[in-house]
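Chain letters run A, B, ... following the sequence lines, proteins first, then strands; residues in each count from 1.
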Amino acid sequence: MDSSPILGSLNDAQRAAVIAPLTPVLVLAGAGSGKTRVLTHRIAWLIEAESASPHSILAVTFTNKAAAEMRGRVERLLGTPPGALWIGTFHGIAHRLLRLHAREAALPQSFQILDAEDQQRLIRKLLKAQDLDESRWIPREVQWFINSSKDEGLRPKDLKRGEDPVRAQMIRLYGLYQEQCERSGVVDFAELLLRAYELWRDNPSLLAHYRQRFRHVLVDEFQDTNSIQYAWLKLIAGPEGHPFVVADDDQSIYRWRGARVENVQQFRRDFPGGQLYKLEQNYRSTGSILAAANGLISHNTGRVGKTLWTSGDRGRPLQLYAAFNERDEAEFVTHRIRDHVLHGGQRREVAVLYRSNAQSRVFEEAFISARLPYRVYGGLRFFERAEVKDALAYLRLLVNRRDDASFERVVNLPTRGIGARSLDAIREAARSGGISLWEAAASPDLREELGARAAAAVGGFLALIERLAGETAGLALHEQVDRMLQASGLVEHYRRDRADRGEARVENLEELVSAARGFAADPAAAELPPLEGFLAHAALESGEGQADAWEDSVQMMTLHSAKGLEFPVVFLCGMEDGLFPHQRSITDIHGLEEERRLCYVGMTRAMRQLYLTYAEQRRLHGIDTYGQPSRFIKEVPPELIEEIRPRVQVTRPVTTGRLRREEPGLRGHEEPAAGVRLGARVRHGKFGEGVVLSVEGAGPHARVQISFERQGTKWLMVQYANLEPIA
DNA sequence: AACACCGCGTTTTTT
DNA sequence: ACGCGGTGTT
């Protein structure tokens, strides 16, 4: 084999996968084993060694970030931007196909994309129009039903009604929802995938064309594919194709949103001539961390099976900290990060990972009071902010008057005298006539029905949109946006309400103009007019907050959002049964195994040092709970874990800590902890009565071990336990 | 149209 | 505890 730069930097296993013959290939790539590297090098190898045309390559990822990274790395490898290459997310590529073949897909040329929130709004409207009680027909559940049906490739007509009236109603709602979308010319995310699938399935000549073209299909994170995505892949690959898919079944953490890890095994059955490659050498973590992760994940059943190893050092053992409560946990983390920084480390090297977002707060509070800069991932992204979506709704109306959701959103924003009654009349007219809200509002009949005043207000709104459409035609994109913001009165509207973060909202609107200015139509939308391209971009790429990405700050995020990232120092917090594994996943084996994979993902994020922490007591939803350490801790080989105890300083007569509330004036000199002596009887609010077995520590960290009559033996922090001595 | 109050749910997230 | 959505009040 030649030693071109494409192959030179690869290890044997990686190289074998990269130069695999053109048969179906499944690469099982463990965490940190260089899977993106293999994918990008495979692409480069196809082009350089196999003389594949960039035109013939289709590479699919799940996130925009992954797609951008892959594109960047391929370009660097090849030295030139291979423009003809299709690299994108499943949704992005489906979108591109649907734009190119809108007619064959029976979509209007200027169809718009509904995000999850838009979708739920639409469903709410529908439920209201159907006079269904939202407490019985929960919008979220209807949405879930519709999306998971689509994920399975099922249309309403494909669904069996059965005996269940609830199901029958759901199917009916799905049908009504779909009709509404068609009328409005909008598609939701799941629809993008399903339509793209149907487009190929139902147009054999089109499919033949694309099969001919995309001879090389590559898929990242294959274990996360859902049914329709896999069906789509099988279509484009065809029975004779040779898809190249990279997967890690141990990192499948999205079952709850339709991902089918079984697709990994299914792939081997569907493409029997395929080759399996395993990447097991890890370049990220120390030996201890890998051994811990391997030990944990070995408790799962039905794995394809692989074991990570490293040629590097064993490193330090994992550190386990048993905190008294969530505040103590946060304080411990804060201290350790401070030490890290004191020893010359950077804050950005540290990640605090947790199972659920609610856990971030305590850490934020601790970091703020320690003046430790941090950044929380997740939350609303730019294009999801209410004011930005308001502005986008105006723009969407400019492009597509039939977009009812956008119409409803801004018809009376800012308020222009179109109240609930006028809107009801418009809705009714639209429903009875089977037309869009816009058309209904414009009909002369309706004008008569409304009072003169309301009719004028509605007319004013329609005229505004028409006028804007006329005036902005031909302007540069950012000027179109700017003009719309001014003419609609949106900026003025938000400027006025200073009370409610109005200032930040105005800034976001200004930012939207900048975003429009900087919008270089991405290739997927090159066929579109700029405004349409921009709107699609806004829907498909919600806008990662890049703000202050440069400041050196501690990174905080959920375990899910940590996937794919790595950090020298990782804190895995809230390791308690019920929290992690989460209560709602604990009972069924699939749920529990997915939680375990999530833990595996978390552990394998760490490069040098991994901390596990849990709290014996945690305030959750306003009530105190007392948890057990996570079962996952026990699944890690114990010799890899070093338990950290608070600076222990056993004092015989306990003169520190306090019982009940601290009296004013006692601050500074510690109140003797009357009654908390070895052998003393105490009462606890939750656990009842017990006997003090031992006392540890001093000051705010003092803790006592108590044997409760009914709840067994617990360690509690005197500061928080509110123990009551029993005479 | 702006505000107050009530009741409810509350894992994870991308597109 | 807390935030959201819905309803009712001024």
Side-chain angles (χ1 to χ4, degrees), chain A residues 60-67 88-95 113-121 124 127-128 133-135 138-141 144 147 150-151 187-194 196 221 224-226 228-229 252-259 326 353-362 365 377-381 383-384 386 412-420 493 496-497 499-500 524 536-544 557-564 574 578-586 591 594-595 597-599 601-602 618-625:
Chain A
V60 197
T61 66
F62 275 85
T63 66
N64 291 301
K65 202 170 144 198
T89 62
F90 278 99
H91 292 85
I93 285 166
H95 171 243
I113 301 166
L114 236 46
D115 73 14
E117 193 208 313
D118 299 333
Q119 186 185 33
Q120 201 177 79
R121 256 169 204 277
R124 281 211 153 91
L127 289 170
K128 197 158 277 175
D133 183 2
E134 277 199 12
S135 58
I138 298 158
R140 249 195 26 229
E141 289 177 0
W144 184 86
N147 287 340
K150 290 186 177 185
D151 285 348
V187 297
D188 57 55
F189 287 132
E191 184 74 15
L192 283 173
L193 301 177
L194 181 48
E221 305 273 22
D224 286 337
T225 50
N226 63 27
I228 196 69
Q229 287 163 331
S252 160
I253 55 174
Y254 288 116
R255 193 178 76 99
W256 52 275
R257 64 175 202 209
E326 76 278 0
L353 309 183
Y354 36 79
R355 179 61 175 79
S356 64
N357 287 304
Q359 288 168 255
S360 73
R361 232 167 108 154
V362 189
E365 282 163 12
Y377 282 73
L380 275 196
R381 269 87 49 92
F383 288 116
E384 292 167 355
N412 200 32
L413 183 90
T415 47
R416 46 174 71 89
I418 303 174
H493 170 75
R496 270 191 300 124
D497 92 284
D500 188 28
H537 167 81
L540 287 172
E541 203 163 335
S542 33
E544 260 303 304
M557 67 196 82
T558 62
L559 287 154
H560 283 91
S561 28
K563 186 163 166 225
L579 193 61
F580 188 35
H582 194 274
Q583 196 58 50
R584 295 169 79 140
S585 311
I586 237 164
E594 178 145 311
E595 296 280 309
R597 292 192 291 268
L598 190 56
C599 187
V601 166
R618 180 179 297 274
R619 179 163 281 219
L620 215 53
H621 309 312
I623 45 168
D624 285 332
T625 50

Exercise. Leu540(A) side chain: which of dT12(B), dT10(B), dT15(B) is closest?
Worked result: dT15(B)

Exercise. Is Asp115(A) salt-bridged to Arg381(A), cutoff N-O under 4.0 Å?
Worked result: no

Seminar exercise, completed: The nucleotide from dA1(B), dT12(B), dT15(B) with an atom nearest the side chain of Thr63(A) is dT15(B)

Exercise. Of His621(A) and Gly417(A), whose closest DNA chain B nucleotide lies nearer the 5' terminus?
Worked result: Gly417(A)

Problem set entry | Atom pair distance, as rounded to whole Å: CZ in Arg140(A) and P in dC8(B) | 15 Å

Problem set entry | Atom pair distance, as rounded to whole Å: CD in Glu384(A) and C1' in dT15(B) | 10 Å

Problem set entry | Pairwise 5' ranking along DNA chain B for Thr89(A) and Ile253(A), keeping only the more 5' one | Ile253(A)

Exercise. With under 30° as parallel and over 60° as perpendicular, where do the rings of Phe383(A) and His537(A) fit, or are they tilted in between?
Worked result: perpendicular

Exercise. Taking OP1 and OP2 of dT12(B), is either one under 4.0 Å from a side-chain nitrogen or oxygen of Asn357(A)?
Worked result: yes

For this session: Go through the structure and list residues passing side-chain contact (heavy atoms from CB on, under 4.5 Å) with Ser360(A), not counting sequence neighbours.
Result: Tyr354(A), Glu364(A), Met556(A)

For this session: Would you mind reading off the distance between Tyr354(A) atom OH and dT13(B) atom P, rounded to a whole angstrom?
Result: 9 Å

Seminar exercise, completed: Applying ring pair (Phe, Tyr, Trp, His ring centres under 6.0 Å) to Trp144(A) and not counting sequence neighbours gives none

For this session: Round to the nearest Å and state the distance from Glu141(A) atom CD to dG9(B) atom P.
Result: 10 Å

Problem set entry | Of the listed nucleotides dA1(B), dT15(B), dT13(B), the one nearest the side chain of Arg381(A) | dT15(B)

Short heteroatom pairs, N/O only, protein and nucleotides 3-10 of chain C, under 3.5 Å:
{"unit_1": "dG6(C)", "atom_1": "OP1", "unit_2": "Arg124(A)", "atom_2": "NE", "d": "3.4"}

Exercise. OP1, OP2 of dT13(B) versus side-chain N and O of Thr558(A): anything below 4.0 Å?
Worked result: yes

For this session: Using whole Å, report how far NZ of Lys65(A) lies from P of dT14(B).
Result: 10 Å

For this session: Quick one: label Asp188(A) by what it contacts on the DNA or RNA (base, sugar-phosphate, nothing), any heavy atom closer than 4.0 Å.
Result: nothing

For this session: Mind checking side chain to side chain donor-acceptor pair (under 3.5 Å) for Thr61(A) and listing every partner two or more places apart, or none if nothing turns up?
Result: none

Exercise. For Trp256(A) and dT12(B), is the gap between ring centres under 5.5 Å while the planes differ by less than 30°?
Worked result: yes

Exercise. Across the strands shown, which category fits Ala116(A) at heavy-atom distances under 4.0 angstrom: base, sugar-phosphate, nothing?
Worked result: base

Problem set entry | Integer-rounded Å distance: dT12(B) P and Gln583(A) CD | 15 Å

Exercise. Rounded to the nearest Å, what distance is computed from the CZ atom of residue Arg597(A) to the C1' atom of nucleotide dT12(B)?
Worked result: 13 Å

Problem set entry | Non-neighbouring partners of Glu141(A) that pass side chain to side chain donor-acceptor pair (under 3.5 Å), sequence neighbours left out | none

Problem set entry | Out of dA1(C), dT13(B), dT15(B), whichever nucleotide has its closest atom nearest the side chain of His560(A) | dT13(B)

For this session: Quick one: list whatever passes side chain to side chain donor-acceptor pair (under 3.5 Å) with Glu191(A), sequence neighbours left out.
Result: Lys150(A), Arg155(A), Gln178(A), Arg195(A)

Exercise. Do side-chain atoms of Glu595(A) reach the backbone of His582(A) as a donor and acceptor pair under 3.5 angstrom?
Worked result: yes

Exercise. Could you give the CG-to-P distance, from Leu114(A) to dT15(B), as a whole number of Å?
Worked result: 17 Å

